[in-house]
Amino acid sequence: MTGGAMDPLPTAPGAAAAEAEVDEEADPPAAGRLFTPEPPGKPPCALQRNTKRKRENTHSPVPPVSEPRAPDAGQMQVPPGNPLLLSLTLQELLARDAVQVELVPEKKGLFLKHVEYEVSSQRFKSCVYRRYNDFVVFHETLLHKFPYRMVPALPPKRMLGADREFIEARRRALKRFINLVARHPPFSEDTILKLFLSFSGPDVQNKLKESAQCLGDEFMNCRLAARAKDFLPADIQTQFAMSRELIRNIYNSFHKLRDRAERMVSRAIDNAADLLIFGKELSALGSDTTPLPSWASLNSSTWGSLKQALKGLSVEFALLADKAAQQGKQEENDVVEKLNLFLDLLQSYKDLCERHEKGVLHKHQRALHKYSLMKRQMVSAAVQSREPESMEQLESRIVQQENVIQTMELRSHFSLYCLHQETQLVHVYLPLTSHILGAFVNSQIQGHKEMSKVWNDLQPKLRCLFVGPHGAPAPPRPPQDGLSAH
């Protein structure tokens, strides 16, 4: 299941039937159409009066909203300031937890080998063992409980033929996933995170599923859900469009940076392999035992000295190869992985925007369309003077549909409320760019410094390779002094 999927939104029992009928209708009206009451000035007919009485007697399927009155400090359970705003820094986010995900040696099953992970949390001081399917259930639980938040996607599952490279890449992706979740403000305070990171029982999947069944989603449990609109800026739709475009551009640029960083790491690893092979070939040349032909006997001492010198150079080239490999590994961990972490976050934001548009907004429009059809049916029934029993059923359905529309409107505002906070969270992570660049520069400086030292130590050992006319060492000449091609 990916971050782009949208789980069904929980609704109150009073509106479940009417909301379910929304899916059966034709295309909804234009997105700009709003749910408005009947225009004033016309005396209500008996049918409208009955509908109004039913509406007043029907329990609302949304979190209760109190009537406007003077503020009471003892009853307003709202944190001081605007709860929409996040006052967090990157350092505070990173300090929330550091989760390690390591591979456990393979265990052979009856038919397949099972990959298991050791997951350790610094915050909970816990160490548990998890399989990939445990991560899948945890991911589904997060999406069900927090449909309006950035839930990072999981890496893909490969059933057969998973090689070491794929398993290692998936381990890294799972580590990024769980760290983003463990540092996310709402997720980090939820019981399902603690359950996943600390429960050491035999069946964590059932525990997670039971936890998800007990409670509804964040909208049903947040005391500010019904008042989310009050905290939103007037130009929230414009801000949302601008933020989405900005983050899309940032994602595209960071994607290109990640690709180039991966290529540099690959070149460093290839360079390490080439240096190692280069040194081995020099050593093989110096260890050659082929007899010297008689016509070259005058230079036997020269060739013997050269072989002895070449044989010893493999140590330095092996050290150079090791330094190059260390630099590539360091950049993979400190540069590429941090770029991937930020890209995972940005991708989860893009997935969230799609869920907002294709989920809540689309359902809202379908509910409005269903309501307009019912109103037309009511007018038609009044004109045709249908039986009172059928009219009562139609009125009841209309009242239920009004409750569904009210729920969808509140969910739409709460979704925008969460989107506003998630946008702020992305910007809190933006200073990670300086961390990435700092790690890249430091790796280059340290790598070149260490390799330069090895090259400088190697240079004096090359003097014996250049022998003068009487066997005395001679310094190497530059190519233009005699060996350059003309």
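Residue numbers start at 1 and run along the sequence shown.
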[X] atom [atom1]: more than 12 heavy-atom contacts under 6.0 Å:
| X | atom1 | value |
| --- | --- | --- |
| Glu168 | CD | yes |
| Glu245 | CD | yes |
| Tyr251 | OH | yes |
| Lys350 | NZ | yes |

Measure from the side-chain N and O atoms of [X] to the backbone N and O of [Y], and report whether any donor-acceptor pair falls under 3.5 Å.
| X | Y | value |
| --- | --- | --- |
| Glu92 | Thr89 | yes |
| Ser188 | Pro185 | yes |
| Asp134 | Arg130 | no |
| Asp163 | Phe166 | yes |
| Ser434 | Pro431 | yes |
| Ser266 | Glu262 | no |
| Glu118 | Tyr129 | no |
| Lys307 | Asp288 | yes |
| Glu422 | Ser348 | no |
| Arg183 | Ala98 | no |

Side chains of [X] and [Y] in contact at under 4.5 Å (non-hydrogen atoms):
| X | Y | result |
| --- | --- | --- |
| Pro233 | Gln239 | yes |
| Leu410 | Phe414 | no |
| Val119 | Gln100 | no |
| His448 | Ser452 | no |
| Pro152 | Leu345 | no |
| Val335 | Leu437 | no |
| Asp217 | Arg411 | yes |
| Leu458 | Phe317 | yes |

Nearest heavy-atom pair of [X] and [Y]: which atoms, and what distance?
| X | Y | value |
| --- | --- | --- |
| Cys418 | Glu218 | SG-OE1, 4.1 Å |
| Ser415 | His356 | OG-ND1, 2.6 Å |
| Met150 | Phe187 | O-CE1, 3.3 Å |
| Leu339 | Ala261 | CD1-CB, 3.9 Å |
| Leu193 | Val181 | CD1-CG1, 4.0 Å |
| Leu86 | Leu425 | CD1-N, 4.0 Å |

For side-chain contact (heavy atoms from CB on, under 4.5 Å), just list the numbers for Leu352 and Arg355, CA-CA rounded to whole Å, side-chain angles, deciding distance to a tenth of an Å, and then say yes or no.
-> CA-CA 5 Å; Leu352 175 62; Arg355 289 204 302 273; 3.5 Å; yes

Please step through side-chain contact (heavy atoms from CB on, under 4.5 Å) for the pair Ile247 and Val426, ending with a clear verdict.
-> CA-CA 9 Å; Ile247 291 176; Val426 170; 3.9 Å; yes

Roughly how far, to the nearest 0.5 Å, is the [atom2] atom of [Y] from the [atom1] atom of [X]?
| X | Y | atom1 | atom2 | value |
| --- | --- | --- | --- | --- |
| Asp457 | Gln459 | CG | CD | 10.0 Å |
| Lys311 | Ser283 | NZ | OG | 7.0 Å |
| Gln424 | Ser243 | CD | OG | 9.5 Å |
| His413 | Phe219 | NE2 | CZ | 11.0 Å |
| Gln421 | Leu85 | CD | CG | 8.5 Å |
| Leu257 | Ile436 | CG | CD1 | 8.5 Å |

Would you verify whether the NZ or CZ of Lys229 falls within 45 degrees of the ring axis of Tyr417 while also being under 6.0 Å from that six-membered ring's centre?
->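 The answer is no; the distance or angle limit is not met.
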
For Glu337, the option from Arg172, Arg171, Lys329 that meets salt bridge (Lys or Arg N to Asp or Glu O under 4.0 Å) =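 Among the candidates, only Arg172 passes.
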
Could you check whether [Y] and [X], counting side-chain N and O atoms only, form a donor-acceptor pair closer than 3.5 Å?
| X | Y | answer |
| --- | --- | --- |
| Ser443 | Glu331 | yes |
| Arg244 | Tyr349 | no |
| Asn133 | Lys157 | yes |
| Asn206 | Glu210 | no |
| His255 | Gln347 | no |

Determine, using ring centers only, whether His420 and Phe240 are less than 6.0 Å apart.
->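 Distance test on ring centres: not under 6.0 Å, no.
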
Lys256 and Asp259 ion-paired at < 4.0 Å |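 No, Lys256 and Asp259 are not salt-bridged.
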
Going through the checks in order, is the side-chain contact (heavy atoms from CB on, under 4.5 Å) test met by Leu197 and Ile178?
-> CA-CA 9 Å; Leu197 290 177; Ile178 193 63; 4.0 Å; yes

Can you tell which of Arg170, Arg131, Glu102, Lys175 makes a side chain to side chain donor-acceptor pair (under 3.5 Å) with Tyr117?
->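 Exactly one option meets the side chain to side chain donor-acceptor pair (under 3.5 Å) with Tyr117, and it is Arg170.
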
Criterion side chain to side chain donor-acceptor pair (under 3.5 Å) against Gln446, the qualifying member of Gln444, Lys449, Glu450 =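 Filter result, single survivor: Glu450.
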
Ring geometry between Phe138 and Phe196 (parallel below 30°, tilted from 30 to 60°, perpendicular above 60°) |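 If you compare the ring of Phe196 with that of Phe138, the planes turn out parallel.
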
Criterion side-chain contact (heavy atoms from CB on, under 4.5 Å) on Val128 and Phe199, from CA distance to verdict | CA-CA 7 Å; Val128 295; Phe199 179 74; 6.0 Å; no

